[in-house]
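Step one of this worksheet: look at the structure below.
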Amino acid sequence: MTARIAYADVEVGTEVPAQSFPVTRDTLVRYAGASGDFNPIHWNERFAREVGLPDVIAHGMFTMAEAARVVTDWTGDPGALVEYGVRFTRPVVVPDDGAGAVIEVSGKVAAKLDDEARTVRVDLTVTSAGQKVLGMSRAVVRLA
């Protein structure tokens, strides 16, 4: 695959389409099975509260991956993602109320890095329940 967004067509400030990702307890159990991360803070409310959390929380790597989807969906090519990093600032609390939580992700091109390599840095804003859950969320992507 090749990125469907051309380097020449983006400028600093170009917005990446925002997306919302619902997260339920079922989502967390499925992710635990796929990742092998069965830490009870991600599925056992009693245990999560005993260790000082407000409720069950989403896996950090799950939250990080959902945010990265915004970038890979925008480029049209998961292989265009050259570098990605975040800081975990707050957990995504997932209540057992039938609705769960929502991870909101928006982003924009923050820098054009290399004309020859056609790389740009995309800065993401990642929130849940009105609070920033990932900080310094940045992706470097190679465009067409």
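Because the structure is a prediction, the values reported are computed rather than measured. Hydrogens, waters and symmetry mates play no part in the numbers below; they use all other heavy atoms, side chains included. Here, residue 1 is the first one in the sequence, and each next residue gets the next number.
With sequence neighbours excluded, the residues that form a ring pair (Phe, Tyr, Trp, His ring centres under 6.0 Å) with Y31 are H59, F62.
Residue A32 comes nearest to F38 through the heavy atom pair O-CZ, 3.5 Å, listed as atom of the first residue, atom of the second, then distance. The nearest pair of heavy atoms linking A58 to V94 is N-CG2, 4.0 Å. Among all heavy-atom pairs drawn from P95 and V93, the shortest one is CD-O, 3.4 Å. A pairwise comparison of heavy atoms in Y84 and A67 identifies OH-CB, 3.3 Å as the closest pair. Closest of all the heavy-atom pairs between A80 and T75 is CB-OG1, 3.9 Å. Nearest heavy atoms, L81 versus A139: CD1-CB, 3.7 Å.
Taking a 6.0 Å sphere around CZ of R4, one finds it holds more than 12 heavy atoms contributed by other residues, nucleotides or ligands. Enclosure of atom CD in E15 is not indicated, since only 12 or fewer non-hydrogen atoms of other residues, nucleotides or ligands lie within 6.0 angstrom. By the neighbour-count criterion of 12 heavy atoms within 6.0 Å, atom NZ of K112 is densely surrounded, having more than that number from other residues, nucleotides or ligands.
Hydrophobic side-chain contacts under 4.5 Å tie V12 to no other Ile, Leu, Val, Met, Phe, Trp or Tyr residue.
Using a 4.0 Å cut-off between a side-chain N of Lys or Arg and a carboxylate O of Asp or Glu, E83 and R138 do not qualify as a salt bridge.
Although no hydrogens or angles enter the test, the distance criterion places no donor-acceptor pair under 3.5 Å between the side chain of Y7 and the main chain of E116. Proximity of a side-chain donor or acceptor of D26 to a complementary backbone N or O of L28 within less than 3.5 Å is not detected. Side-chain atoms of S137 do not come within 3.5 Å of backbone N or O of L134 as any donor-acceptor pair. D97 places a side-chain N or O within 3.5 Å of a backbone atom of G100 that can act as its donor or acceptor partner. When atom types are taken as modelled, the side chain of T119 and the backbone of R142 share no donor-acceptor pair closer than 3.5 angstrom. Checked by atom type and distance alone, the side chain of H42 pairs as donor or acceptor with a backbone atom of I57 at under 3.5 Å.
V141 has its side chain within reach of W74: a pair of non-hydrogen atoms, C-beta onward, lies under 4.5 Å apart. Side-chain atoms of I41 and L53, non-hydrogen and from C-beta on, do get closer than 4.5 Å to each other. In this structure, the side chains of V56 and D96 stay at 4.5 Å or more apart for every pair of heavy atoms.
Side-chain polar atoms of T24 and T27 form a donor-acceptor pair below 3.5 angstrom.
Contacts classified as side-chain hydrogen bond (donor to acceptor under 3.5 Å, both in side chains) and involving residues 123-133 (residues at least two apart or in different chains) are given here: R90-Q131, R121-D123.
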